[in-house]
Amino acid sequence: MEQQQKAPPEIKNAAQYLRGALKARVGALNGKRLDYFKGKSAIKALLSPGYQKVKDVPPVQNEEQAITVLSAVNAFAFFLRVQRGGPSGSSSSSPKILQIIQEQKFAPDEYYVWFFEGSQWTTYAGGILMVAIMLAGVMFPLWPPIMRLGVWYLSIAMLGLVGLFFAIAIVRLIFYVITLIVASPGIWIFPKLFADVGIVESFIPLWEWDLPKKKTKKTKKGDKTEKKKGKASTNGGGAFIEEVEESGDSRPQSRSARVEDVEDEDA
């Protein structure tokens, strides 16, 4: 857009940072899928420590300064204010329908759609790399014999690793079924093999019992206050119940209840 080209370098750098820092939500605007975000997310991004490390950007120390910077970015049409509707498809997970609002301003509770793609060097580099790989594959018969032999060994090694992974998965499943029958609740070999961890952490520990995870119960704030109350009273006056202890020398202590009338203070 022409307005984006007229923006000062500081505003462009701020928009560049926001484009990469904000989590992308996909919406449907006039049949096209575009990324959008909420104003609160942009304010948090400008107040984060990562923004303070960026050079040649407007300074932001509080929420008011963040809103001022975001309003300036909005004025140069890097993103526009939209109204979010319902899902564009039959599924609830379908992209939300977006519609541009004529009056443009920045507010924390509003939604904004991106019209700025950011830096395109990664896209260009990826395209060039893809073309280079395709040309190298097509010209494989012209490679020197040493290079072709090296690629053959590399492919065999990769297939061996994939086969080893599937073998470990099958063996651990069979071992778990056997131990589930013989020694319940069963033992998993490499319990973190499919977990979202690093390569080394996937093989630590070596084995582990398949114990059920403990469920944590959330305590409510009102439960503590209710337990501390030892008396029950009415708001408008009436009666209350008081516990009275009766003690004696020849019998154990017992408790009884006594009901007393309380006069209404407003009367």
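Residues take their numbers from the sequence shown, with the count starting at 1.
- In this structure, K96 places its NZ atom where more than 12 heavy-atom neighbours from other residues, nucleotides or ligands lie under 6.0 Å away.
- Side chain of Y111 to backbone of Y36: no donor-acceptor contact under 3.5 angstrom is found.
- A donor-acceptor pair under 3.5 Å is absent between the side-chain atoms of Q4 and the main chain of F76, judged by distance alone.
- Taking both residues in full, the closest heavy atoms of L98 and L29 are given as O-CD1, 3.1 Å, listed atom of the first, atom of the second, then distance.
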(message) As a quick check of understanding, evaluate side chain to side chain contact (heavy atoms under 4.5 Å, CB included) for W114 and L22, giving each step before the final call.
(response) CA-CA 11 Å; W114 280 107; L22 292 177; 3.9 Å; yes
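- Under the 4.5 Å side-chain heavy-atom criterion for Ile, Leu, Val, Met, Phe, Trp and Tyr, V69 and V54 are members of the same hydrophobic cluster.
- Among all heavy-atom pairs drawn from K55 and N13, the shortest one is O-ND2, 4.0 Å.
- Aromatic ring pairs are classed by plane angle as parallel below 30°, tilted from 30° to 60° and perpendicular above 60°; the pair F106 and Y112 is parallel.
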Please list every donor-acceptor pair under 3.5 Å in which a side-chain atom of residues 145-171 meets a protein atom from a residue at least two apart or in another chain.
residue : atom : partner : partner atom : Å
R148    : NE   : W143    : O            : 3.2
S155    : OG   : V151    : O            : 3.3
S155    : OG   : W152    : O            : 2.7

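- N30 contributes atom CG, which lies 6.5 Å from atom CD1 of I100 (distance to the nearest 0.5 angstrom).
- Q104 places a side-chain N or O within 3.5 Å of a backbone atom of R81 that can act as its donor or acceptor partner.
- If you chain together hydrophobic residues whose side chains sit under 4.5 Å apart, L211 and L193 fall into the same group.
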Kindly list each side-chain donor-acceptor pair under 3.5 angstrom involving residues 195-204, sequence neighbours excluded, with atom names and distances?
residue : atom : partner : partner atom : Å
S202    : OG   : G198    : O            : 2.7

(request) Apply side chain to side chain contact (heavy atoms under 4.5 Å, CB included) to the pair I101 and V82, showing each step before the final yes or no. (result) CA-CA 5 Å; I101 300 176; V82 293; 5.6 Å; no
(request) Starting from the C-alpha separation in whole Å, work towards a yes-or-no answer on side chain to side chain contact (heavy atoms under 4.5 Å, CB included) for R84 and E110. (result) CA-CA 9 Å; R84 190 178 73 166; E110 296 292 337; over 6 Å; no
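- Checking L180, I181, I174 one by one against I178, the side-chain contact (heavy atoms from CB on, under 4.5 Å) holds for a single residue, I174.
- Heavy atoms only, all atoms of each residue included: R172 and P191 are closest at NH2-CA, 3.8 Å.
- The closest donor-acceptor contact from the side chain of S94 to the backbone of S88 lies at 3.5 Å or more, if one exists at all.
- To the nearest 0.5 Å, atom NZ of residue K38 and atom NZ of residue K23 are 14.0 Å apart.
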(request) Start with the C-alpha gap between T68 and V60, add the side-chain angles, then the distance that decides, and say whether side chain to side chain contact (heavy atoms under 4.5 Å, CB included) holds. (result) CA-CA 9 Å; T68 302; V60 174; over 6 Å; no
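- At least one test fails for R19 against the ring of F116: distance under 6.0 Å to the centre or angle within 45° of the axis.
- A77 and F115 make their closest contact through O-CB, 3.9 Å (heavy atoms, listed as atom of the first residue, atom of the second, distance).
- Taking hydrophobic clusters as Ile, Leu, Val, Met, Phe, Trp and Tyr residues chained together by side-chain heavy-atom distances below 4.5 Å, V138 does not share a cluster with L129.
- Smallest separation of non-hydrogen atoms from V57 and A14: CG1-N, 3.9 Å.
- Classified by interplanar angle (parallel below 30°, tilted 30° to 60°, perpendicular above 60°), the ring pair W188/Y176 is parallel.
- W207 and F190 fall within the same hydrophobic cluster, where Ile, Leu, Val, Met, Phe, Trp and Tyr residues are linked whenever their side-chain heavy atoms come under 4.5 Å apart, directly or through other members.
- Other residues, nucleotides and ligands contribute at most 12 non-hydrogen atoms within 6.0 Å of the OH atom of Y124.
- Of all non-hydrogen atoms in P87 and I97, the two that sit nearest each other are O-CD1, 4.0 Å.
- By the neighbour-count criterion of 12 heavy atoms within 6.0 Å, atom CD of Q65 is densely surrounded, having more than that number from other residues, nucleotides or ligands.
- The distance from the CG atom of L18 to the CZ atom of F78 is 10.5 Å, given to the nearest 0.5 Å.
- In this structure, CD in E208 is found 12.5 Å from CD1 in I189, a value given to the nearest 0.5 Å.
- Looking only at distances, no side-chain donor or acceptor of N74 sits under 3.5 Å from a matching main-chain atom of L70.
- Heavy-atom neighbours of K12 NZ from other residues, nucleotides or ligands within 6.0 Å: above the threshold of 12.
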